[in-house]
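Read through the structure below, which is laid out as structure tokens, and then see the notes.
Atom set for the values below is all heavy atoms of this structure, side chains included, hydrogens, waters and symmetry mates excluded.
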Amino acid sequence: MSLLKIKIKFMLKKYLQKKYKFFNNSLLSEKLIFKRNGLKDGFIYTLYSNNSNLIEVGFTHNNKIIENKLMNEKFILLDKKKGSLMELRILKKTLKELGLLILNNRYYKYSELLIRHLHTLGWPIGKSLYKQRVIKKKILYAVN
């Protein structure tokens, strides 16, 4: 490459950086592209472990990971829906601000308060656990 072509490329790059405020470092832009791809759509899900009485909220790009967890770790799938990793991060921050403790950055101890918050925040919890609370209330009212 001639010296003139190198000089023109350098001047063009400098002009574009000033004009459009491009990143100076191409590695930085590659990292941002990688991060942006990490926030693409996948599935957000809620699992319940009857043995340890824990709720797991999570994100995955495909169904195979959820199926493996159901088989290997003996979880019950409460519900799943399309969503993004950003939704999971926002949910965890919100639950932390509400005072709910997280274990191993993925599990919450089951409580009616947790289920109520997840339901209010639009997280997929299905109808199974939420209905149990309503059924228990109806039984209590019937007994009294």
Side-chain angles (χ1 to χ4, degrees), residues 1 5-6 8-144:
M1 209 182 261
K5 284 184 180 180
I6 294 172
I8 291 172
K9 277 189 172 185
F10 178 75
M11 288 173 44
L12 182 60
K13 183 178 177 184
K14 201 168 191 176
Y15 172 76
L16 290 174
Q17 285 175 347
K18 279 185 179 179
K19 183 78 174 170
Y20 299 106
K21 298 180 182 174
F22 282 121
F23 296 106
N24 292 332
N25 190 351
S26 63
L27 291 176
L28 180 61
S29 61
E30 287 175 14
K31 287 180 185 176
L32 288 174
I33 290 169
F34 176 73
K35 278 188 174 182
R36 197 176 310 127
N37 288 341
L39 299 177
K40 281 189 175 177
D41 287 338
F43 295 99
I44 52 177
Y45 62 87
T46 308
L47 301 175
Y48 174 70
S49 171
N50 202 14
N51 297 339
S52 54
N53 204 26
L54 293 176
I55 297 284
E56 178 182 346
V57 293
F59 170 81
T60 183
H61 290 287
N62 58 29
N63 283 329
K64 291 287 184 190
I65 295 172
I66 297 174
E67 290 173 11
N68 289 339
K69 283 185 182 245
L70 294 174
M71 296 290 231
N72 298 335
E73 299 176 26
K74 297 184 181 177
F75 276 97
I76 300 167
L77 177 66
L78 298 180
D79 201 5
K80 69 177 179 176
K81 70 177 185 179
K82 287 191 176 194
S84 68
L85 184 57
M86 186 177 294
E87 288 180 71
L88 176 65
R89 290 178 182 164
I90 291 170
L91 176 82
K92 286 181 179 181
K93 285 181 184 178
T94 305
L95 292 177
K96 183 178 180 183
E97 288 178 8
L98 290 171
L100 295 168
L101 299 175
I102 189 168
L103 309 166
N104 292 338
N105 200 25
R106 64 166 46 158
Y107 303 108
Y108 292 93
K109 185 152 180 71
Y110 172 79
S111 68
E112 289 182 19
L113 181 65
L114 170 67
I115 297 300
R116 198 172 333 135
H117 285 317
L118 290 174
H119 180 71
T120 303
L121 294 169
W123 194 259
I125 59 166
K127 302 290 183 197
S128 57
L129 286 178
Y130 199 66
K131 274 189 178 176
Q132 284 180 3
R133 189 171 83 82
V134 173
I135 292 169
K136 285 180 188 176
K137 269 188 174 180
K138 287 181 181 178
I139 292 172
L140 287 175
Y141 287 129
V143 171
N144 292 332

Exercise. Which value, rounded to the nearest 0.5 Å, describes the distance between I55 atom CD1 and L100 atom CG?
Worked result: 11.5 Å
Exercise. Can you name the salt bridge (Lys or Arg N to Asp or Glu O under 4.0 Å) partners of K69, sequence neighbours left out?
Worked result: E56
For this session: Indicate the atoms forming the closest heavy-atom contact of N62 with T60, along with that distance.
Result: O-OG1, 3.0 Å
Exercise. So which heavy atom on I115 is nearest to which on Y110, and how close?
Worked result: CG1-CE1, 3.4 Å
For this session: Quick one: pull up CZ in F75 and CG in N51 and give me the separation to the nearest 0.5 Å.
Result: 9.5 Å
For this session: I would like to know whether W123 and L88 meet side-chain contact (heavy atoms from CB on, under 4.5 Å); could you show each step before the answer?
Result: CA-CA 9 Å; W123 194 259; L88 176 65; 3.8 Å; yes
Problem set entry | pair I102-Y108: side-chain heavy atoms closer than 4.5 Å | yes
Seminar exercise, completed: Nearest heavy-atom approach of L70 to I76 is CD2-C, 4.0 Å
Problem set entry | Residue list, side-chain hydrogen bond (donor to acceptor under 3.5 Å, both in side chains) with T94, at least two apart or on another chain | none
Exercise. Rounded to the nearest 0.5 Å, how far does NZ of K74 lie from CG of L47?
Worked result: 15.5 Å
Exercise. Side chains of H119 and I125: closer than 4.5 Å at any heavy-atom pair?
Worked result: yes
Problem set entry | Nearest-0.5 Å distance that lies between atom OG1 in T120 and atom CG in L98 | 9.5 Å
For this session: Find out whether K109 and L101 are in side-chain contact, i.e. whether some heavy atom of one side chain is under 4.5 Å from a heavy atom of the other.
Result: no
Problem set entry | Atom of T46, atom of L77 and distance for their closest heavy-atom approach | O-CD1, 3.7 Å
Exercise. Does some side-chain heavy atom of I44 sit less than 4.5 Å from a side-chain heavy atom of L91?
Worked result: no
Exercise. Is there side-chain contact between L95 and K92, with heavy atoms separated by less than 4.5 Å?
Worked result: no
Seminar exercise, completed: What one should report as the nearest heavy-atom pair of Y45 and F59 is CE2-N, 3.4 Å
Problem set entry | Smallest separation among heavy atoms of G122 and K81, with atom names | O-NZ, 2.9 Å
Seminar exercise, completed: So OG of S52 and OH of Y107: to nearest 0.5 Å the spacing works out to 8.0 Å
